Amino acid sequence: MSIELTQLLDLPNVYVERQSINELGIFFYLQPLAQEILCPGCGQLTDIQHQARPLQVRDLMMRKKPVFLRIPRRQFYCKACQRYCTEKLEFLDWRRRHTRRFEEDVYERVQHSSLEQIAREEGISPEAVRGIFEHVAVESKKRLGRSKAHQHR
Ligand SMILES: [Zn+2]
């Protein structure tokens, strides 16, 4: 475990186990800190780990190199309601292949740069940049809608 790299990466509830660099970029191997999670079904804590599948997601560049995170997506078993639940990490959505901050960064840059330019800088396709932009736009509209609904109450 590297405390310095964990601090450098600055993502909540995970730590850096090890790190490697090759021609593709910088790879951080992460482990979640939690020993147990709250079951979304019944709200009880469970520490029975069912499986952990390692996934790879893109994160913000470091020193102009692409950064990839390898994180186990952990599934727990809840005895109370006999169901499996996936651990949630606030900095990513398991269905996306990027961290939220990576997607927000791309979204911001699309405002004053072309899709092709960002695609070149990040080493991804212009379609992927467009996909990220549209996803973040929809998400922030949803958030805005929720906070407006809250104000009217
Ligand atoms: Zn439960």
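Remember, it's 1-based here, ligands and their atoms both numbered in the order they're listed. In this text, all values refer to a predicted model and were calculated from it rather than measured experimentally. Scope of the values below: all heavy atoms of this structure, side chains included, with no hydrogens, waters or symmetry mates.
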Should we say atom CG of Leu33 is surrounded by more than 12 heavy atoms from elsewhere, each under 6.0 Å from it? yes
For the atoms SG of Cys78 and SG of Cys39, give the angle they form at the Zn ion (ligand 1), rounded to 10 degrees. 110°
Tell me, please, whether Tyr29 has Arg18 positioned over its six-membered ring: NZ or CZ under 6.0 Å from the ring centre and within 45 degrees of its axis? yes
Rounded to the nearest 0.5 Å, how far does NE2 of His98 lie from NE2 of His135? 10.0 Å
With the Zn ion (ligand 1) at the center, what angle do SG from Cys42 and SG from Cys81 span, rounded to 10 degrees? 120°
I'd like to know if the Zn ion (ligand 1) has an N/O/S atom from Cys85 within less than 2.8 Å of it, counting both backbone and side-chain atoms. no
Is NZ or CZ of Arg58 both nearer than 6.0 Å to the six-membered ring centre of Phe68 and within 45° of the ring axis? yes
